[in-house]
Student: 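One structure, pasted below without further comment.
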Number of protein chains: 2
Amino acid sequence: MVEPKKKGRYHHGDLRRALMDAALDLVQEKGPHGFTMREAARRAGVSSGAPYKHFADRDALMRELLIEGAERMNAYMAERMASEENATQRFRAMGVAHVTFAVENPAYFRVMNTPEFLDPEADGRIVQLIEQSQSSMFDLLKEAREKGEIATYDPLIVALAGQCLTYGLARMFVDGHLSHLGLGSEHAEPLAIAVTEILGLGLEPRDP
Amino acid sequence: MVEPKKKGRYHHGDLRRALMDAALDLVQEKGPHGFTMREAARRAGVSSGAPYKHFADRDALMRELLIEGAERMNAYMAERMASEENATQRFRAMGVAHVTFAVENPAYFRVMNTPEFLDPEADGRIVQLIEQSQSSMFDLLKEAREKGEIATYDPLIVALAGQCLTYGLARMFVDGHLSHLGLGSEHAEPLAIAVTEILGLGLEPRDP
DNA sequence: CCTACCGATCGGTAGG
DNA sequence: CCTACCGATCGGTAGG
């Protein structure tokens, strides 16, 4: 039988996890720079020195969150792509998933996109996760192009265009740039679908 | 004859300006949250209390920078659009200018896109500047659509797609997300042109 | 994991 | 615009 944790005490629990969760909450409330070790410790119900048993310093904790977030996002994308039929649709699903993941996990998203935590020197796993995601994207584009589903643009530019579009939309949602238009997180998926459709068809009229 | 300023002294100079310039430098070096009033004062060569004669608090200084940046960006966009021939090209020039402005003025860009400084409650000019920019964009799209230059999408979605694309690209440059690909600021304009071209033509092949 | 502590830095104000 | 100051908070460590 599992002992119920005492309120605010993690003597026998998973303090590491509790600190990361507290940090996520803090990021959500105050942004990645509003996070402090002390406040995270406070919320986890431990003393201010305790976190340093689990993390070398505050950047180390943030990097763990970044990596966890990247892993979850990759898994989430893979899941959403699995049900699509062809390469183009998987590419698009990847973009839509980018936006919905961000809106559903704004704290992860913000940590993952804070430049100072993204330091590849500090942790090789970061590079690995980025490369993994990018190579799967390139594979998709290569396949789509070979099958004639997309035009013969430079794949690098296409990948970039797709990423900019969805990253930009995600950031606008997460940073509240769209709330003054009455657009909340429930609009994230339909809007992502709409803008990726435009990318697919192009602004210029087609005359069939 | 203008007296040359003594090094690090602004007794008779424009301290307000000097503080804003110092703040811009700080933002460029350490990000919008690395800025402090004291450090700005230090760099301007005055005591730590002096800035409060010119700005109520640190957010007030940041808001002034934000507004200044928005004004400059609007002027810059207008200039770059002036030489274009039709509405579609002006719309595109606006997007490209978004990216090049950001890359050339990363500190302004970062301040302008920091949610906590963007508070419309705190300064009505912020709302005004945003509306000004958005209405000119809508006018462009309306014109382009009437002339049959672009397809009959919902103008809101088109505006959003354009903004996401260029904002996303701008952020990626400014935050260094692209440096690992060997892409520096000199690639900003050509890439902005390339991705906006794809938005115009669409990913799907056209068969003329 | 706690207590107790260091040095550093900050935002902001009083009073001149 | 300066000096002098307040209270607050932080990151991190020593020693247990």
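Labels below follow one simple rule: chain letters A, B, ... track the order of the sequence lines, proteins then strands, and each chain is numbered from 1.
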Student: Will you find, in the side chains of Glu116(B) and His33(B), an N or O donor that is under 3.5 Å from an N or O acceptor?
Tutor: yes

Student: Whole-Å distance between dC10(D) P and Glu39(A) CD?
Tutor: 7 Å

Student: Measure the distance from CG on Leu19(B) to P on dG12(C) and round it to the nearest whole Å.
Tutor: 14 Å

Student: From CZ of Arg38(B) over to P of dC1(D), roughly how many Å is that when rounded to an integer?
Tutor: 17 Å

Student: Determine whether more than 12 heavy atoms belonging to other residues, nucleotides or ligands lie under 6.0 Å from atom CD of Glu186(A).
Tutor: yes

Student: Is Arg58(B) side chain donor-acceptor paired with the dG12(C) base, going by distance under 3.5 Å alone?
Tutor: no

Student: Can we say Glu68(B) and Arg63(B) salt-bridge, meaning some charged N sits less than 4.0 Å from an Asp/Glu carboxylate O?
Tutor: no

Student: Could you check whether the rings of Phe109(B) and Tyr167(B) sit parallel, tilted or perpendicular, using 30° and 60° as the cut-offs?
Tutor: tilted

Student: Measure from NZ on Lys53(B) to C1' on dT13(C) and round the result to the nearest Å.
Tutor: 12 Å

Student: Any carboxylate oxygen within less than 4.0 angstrom of a Lys/Arg side-chain nitrogen, looking at Glu189(A) and Arg80(A)?
Tutor: yes

Student: Using 4.0 Å as the upper bound for N to carboxylate O, is an ion pair formed by Arg145(B) and Glu149(B)?
Tutor: no

Student: Mapping Arg42(A) and Gly49(A) onto DNA chain D by nearest heavy atom, which one lands closer to the 5' end?
Tutor: Arg42(A)

Student: In this structure, how many angstroms lie between the C1' atom of dG12(C) and the CZ atom of Phe35(B), rounded?
Tutor: 13 Å

Student: Side chain of Tyr52(B) only, heavy atoms from C-beta on: which candidate in dC10(C), dA4(C), dG11(C) is closest?
Tutor: dG11(C)

Student: What is the separation between atom CZ on Phe55(A) and atom P on dC1(C), rounded to the nearest whole Å?
Tutor: 11 Å

Student: Would you indicate what Thr36(A) reaches in the nucleic acid, counting non-hydrogen atoms under 4.0 angstrom: base, sugar-phosphate, or nothing?
Tutor: sugar-phosphate

Student: How does DNA chain D read in dot-bracket, base by base from 5' to 3', with Watson-Crick or G-U pairs under 3.5 Å and | used when the partner is on another strand?
Tutor: ||||||||||||||||

Student: When you measure from the side chain of Met37(B), which nucleotide among dT3(D), dC1(C), dG11(C) comes out closest?
Tutor: dG11(C)

Student: Hey, are Tyr76(A) and Arg72(A) close enough side-chain-wise for a donor-acceptor pair under 3.5 Å?
Tutor: no

Student: Rounded to whole angstrom units, what separation is found between the CZ atom of Arg16(A) and the C1' atom of dC1(C)?
Tutor: 17 Å

Student: Find the distance Asp57(A):CG to dC10(D):P and express it as a whole number of Å.
Tutor: 16 Å

